[in-house]
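Side-chain atoms are counted along with the backbone in the values below, which use heavy atoms only and exclude waters and symmetry mates. Residue numbering restarts at 1 for every chain, and letters A, B, ... go by the order of the sequence lines.
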Amino acid sequence: MNDNKKRLKNPDKLKAINPSGATDQNFFDQVFEITRQIPKGRVTSYGAIAKCIGTGKSARLVGWAMNGSGKAKPKVPAHRVVNSIGVLSGKLAFKTPTLMEELLAKEGVKVKNDKVVDFKKVFWNPMEEL
DNA sequence: GAAATGACGTAAG
DNA sequence: ACTTACGCCATTT
């Protein structure tokens with residue numbers, strides 16, 4: 001497929017995030033924007049972000065969007081985003097499988113067995129903070 | 001265009 | 001706590 005019929009407002013910017021040039025950059029933009037608001041030492045979940053944006057059930061898309069976080073500018077602290085139970089499900093997508101854990105530990109978030117320790121305590125809710 | 005894939009989520013066994 | 005199953009939606013093949 002890959003038809004160019006889809007509306008591409010900012011091909012350039014979008015290209016930086018999504019090489020194939022696809023869906024509204026809007027979605028990615030919002031995901032990144034929220035992710036950048038996550039305070040140091042705190043984490044949030046894909047579902048929470050999805051809900052905050054409004055897509056709600058598209059938590060998967062948030063994760064997919066994070067896939068492009070490495071190319072996004074400014075960079076997005078994707079390491080502060082975990083799944084609903086606090087597992088570092090995306091650590092394999094980083095340059096090194098241990099990078100995510102390292103970054104979190106550096107910020108004061110302890111990780112044990114690929115899980116965030118005291119997840120409920122360090123959880124940051126975009127709905128409440130924004 | 002149908003089928004498969006995925007950094008998810010929730011429910012159920 | 002772990003596994004299975006289903007729903008969700010954009011991307012990819």
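Whole-Å rounding puts the A/Arg60 CZ to B/dG9 C1' distance at 9 Å. One interatomic measurement links the two molecules: CG of A/Asp114 to P of C/dC2, which rounds to 11 Å at whole-angstrom precision. The separation between A/Leu92 atom CG and B/dC8 atom P is 10 Å, rounded to whole Å. For the pair A/Asn83 CG and B/dT10 P, the interatomic distance rounds to 10 Å; values are reported in whole Å. Rounded to an integer number of Å, the gap from A/Leu61 CG to B/dC8 C1' is 10 Å. Distance NZ (A/Lys91) to P (B/dA7): 14 Å, rounded to an integer number of Å. Atom-to-atom, CD1 of A/Ile85 to C1' of B/dC8 comes out at 11 Å; the value is rounded to the nearest Å. Distance, A/Phe28 CZ to C/dT11 P: 6 Å, rounded to whole Å.
Taking the side chain of A/Trp64 as heavy atoms from C-beta on, and the options B/dA7, C/dT12, B/dG9, the nearest nucleotide is C/dT12. Among C/dT12, C/dC9, B/dG9, the nucleotide with an atom closest to any side-chain atom of A/Ser58 is C/dC9.
Residue A/Ser84 has no polar side-chain atom (N or O) positioned under 4.0 Å from OP1 or OP2 of B/dC8. Using a 4.0 Å cut-off, some side-chain N or O of A/Ser89 falls inside it from OP1 or OP2 of B/dC8.
Between the CZ atom in A/Phe32 and the CD1 atom in A/Ile49 there is a gap of 10.5 Å [rounded to 0.5 Å].
Between the side chain of A/Ser69 and the base of B/dA7, a donor-acceptor pair under 3.5 Å is found.
Sorted by first and then second residue, the pairs that involve residues 79-102 of chain A and meet salt bridge (charged side-chain N to carboxylate O under 4.0 Å, His left out), not counting sequence neighbours, are A/Arg80-A/Glu107, A/Lys91-A/Asp114.
Here the rule is side-chain contact (heavy atoms from CB on, under 4.5 Å) with A/Lys110, and of A/Val117, A/Asp118, A/Val122 only A/Val117 fits it.
Residues A/Val43 and A/Trp124 have side chains not in contact (no heavy-atom distance under 4.5 Å, counting atoms from C-beta outward).
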